[in-house]
Amino acid sequence: MSDVFGHNSFQNHEQVIFVSDETADLQAIIAIHNTALGPAAGGCRMYPYSTVDEALNDVLRLSQGMTMKSSIAGLPLGGGKCVIMGDPNSPKKDGRLRAMAKHVQRLNGQFWTAIDVGVSAADADVMAEECEYIFARASQYPDGFRPSQFTAYGGLHGIRAVAHFLNGSDDLKGFKVAIQGAGATGSLLTQHLSEHGAEIFIADVNEQVVNQVANQFDVTVVDPNLIHTLDVDVFAPCALGAILNETSIPQLKARAVCGLANNQLERPEHGQLLLDHNIAYVPDFVVNGGGMMGASTVIFSTPNREKSLSNIATIYDTVKDILIQSRDKGQPTEEIAVQIAERRIEAAG
Ligand code: NAD
């Protein structure tokens, strides 16, 4: 295994905890990146990583991303994340979630965790039976409500800000958006955009999922291999990370990229490549912070849906400000967003 302290993504993590529980067949990692603004908070991912290195790389990148996401969203929270090595469809899932939750409990509120890939809001309720520091639980919302609705609402405001930046108006009528991924965030973003009159193109590797969306909304279904190459106003990645790289960026015809997937840039320098191609890129951790803004309120105040939504709508101003600064300074948007987030953390000491 690689040297943890010398790892490319280590980036001054406060703690990296390797968790093991033989009875539950649990192998997991908790990464606490920064707690200057408050307790670390971030989801719990369950994924069949093939190596510990792969899991470590994922948790470190995601945990640092959470520090940035919470800071730029103005939340009193730091950044952390945990990953469980395992198949979320395994019958061992419940036992692993419970064992993991017991370890999170031992951290005594220094780290709060929630849903992520492979861990649903119902799973978060299972974890909460063993641990006080679990949020985004199904039982915390009215029936049928999903925390992804907060995320998608932030996505709508991000795309409105992009429209204003590109066209001088945030009217989305006829605004062309290509959405990659028709899962939780992609489908809910489709709903918002369609209500605002946007022209939507959508792709998913899972035909059943994309057909469900196509049956509900007026969208054009596109080959998943081509979705990023469409001549549209915005390309919205809502599926995978590392989607923006040397190969894909020269193929983009969109004027902007604004989507809800985490870690869209394969490497930081791809932010400069997007700028060189005159593509306005909205950093993922800025536009996809709505889920965190809405779901995390249980940690530090009484949840209030209306207040959360108006807070999430401020993503519009943040996105516009970053795009304008990037144009004026000729600096990649991701760098500007990181500087804003880091200034707030430094001010907190
Ligand atoms: P999801 O699993 O519900 O949906 C993802 C969809 O992408 C799936 O339907 C999958 O089939 C599809 N997909 C996978 N590879 C694809 C490809 N190559 N081309 C097209 N489609 C592909 O996940 P989600 O909750 O919508 O999350 C999507 C992304 O957004 C993830 O990166 C996640 O970390 C991020 N994110 C989600 C939330 C949230 O509230 N759910 C919050 C912040 C960030």
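Whatever order the structure lists ligands and atoms in, that order sets their numbers, starting from 1.
Checking Gln331 against Gln325 by side-chain atom types alone, no donor-acceptor pair falls below 3.5 Å. Between the side chains of His228 and Gln251, at least one donor N or O lies within less than 3.5 Å of an accepting N or O. Side chain to side chain, Asp321 and Thr318 fail the donor-acceptor criterion of an N or O pair below 3.5 Å. Under the 3.5 Å distance criterion, with hydrogens and angles disregarded, a donor-acceptor pair is assigned to the side chains of Ser139 and Asp125.
For Leu260, a nitrogen or oxygen atom sits less than 3.5 Å from a nitrogen or oxygen atom of ligand 1, counting backbone and side chain alike. Backbone and side-chain nitrogen or oxygen atoms of Ala184 are examined, and one is located within less than 3.5 angstrom of a nitrogen or oxygen of ligand 1. Polar contact with ligand 1: absent for Lys69 (N/O pair, distance under 3.5 Å).
The six-membered or imidazole ring of Phe235 lies away from that of Phe201, with a centre-to-centre distance of 6.0 Å or more.
Counting heavy atoms closer than 4.0 Å to ligand 1, residue Thr185 contributes atoms from both its backbone and its side chain. Residue-level proximity to ligand 1 for Ile227 is absent, since no heavy atom of it falls below 4.0 angstrom. Contacts of Arg45 with ligand 1, taken as heavy-atom pairs under 4.0 Å, involve the side chain alone.
Proximity of atom 21 (N) of ligand 1 to the protein is indicated by at least one non-hydrogen atom lying closer than 4.0 angstrom. Per-atom contact check: atom 36 (N) of ligand 1 touches the protein, criterion being a heavy-atom distance below 4.0 Å.
Evaluation of the salt bridge (charged side-chain N to carboxylate O under 4.0 Å, His left out) rule for Asp58 yields Arg45 as partners, not counting sequence neighbours. With sequence neighbours left out, Gln216 forms a side-chain hydrogen bond (donor to acceptor under 3.5 Å, both in side chains) with no residue at all.
Looking only at heavy atoms of the protein, atom 33 (C) of ligand 1 is closest to Asn262 ND2, 3.9 Å. At the top of the distance list for atom 4 (O) of ligand 1, counting protein heavy atoms only, stands Gly183 CA, 3.3 Å. Protein heavy atom in closest approach to atom 8 (C) of ligand 1: Asp204 OD2, 3.5 Å. Distance from atom 14 (C) of ligand 1 to its nearest protein heavy atom, with residue and atom name: Val205 CG2, 3.7 Å. Ala239 O, 3.5 Å is the protein heavy atom nearest to atom 31 (C) of ligand 1. With hydrogens left out, the protein atom closest to atom 18 (N) of ligand 1 is Leu240 CD1, 3.5 Å, a heavy atom.
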request  = Take Cys44 and Met127 through the side-chain contact (heavy atoms from CB on, under 4.5 Å) test and state the conclusion after the steps.
outcome  = CA-CA 10 Å; Cys44 176; Met127 294 181 86; 4.1 Å; yes
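Nearest to atom 41 (N) of ligand 1 by heavy atom, out of Gly65, Ala114, Ser148, is Ser148. When the heavy-atom distances from atom 39 (C) of ligand 1 to Val222, Val213, Thr151 are ranked, the shortest goes to Thr151. For atom 28 (C) of ligand 1, the choice among Cys238, Gly259, Gly290, Gly291 with the nearest heavy atom turns out to be Cys238.
Using a cutoff of 4.0 Å between basic side-chain nitrogens and carboxylate oxygens, Glu246 and Arg267 are scored as salt-bridged.
His157 and Tyr153 have perpendicular rings, their planes meeting at more than 60° on a 0 to 90° scale where under 30° would count as parallel.
Distance check: Gln212 CD to Asn206 CG gives 8.5 Å after rounding to the nearest 0.5 Å.
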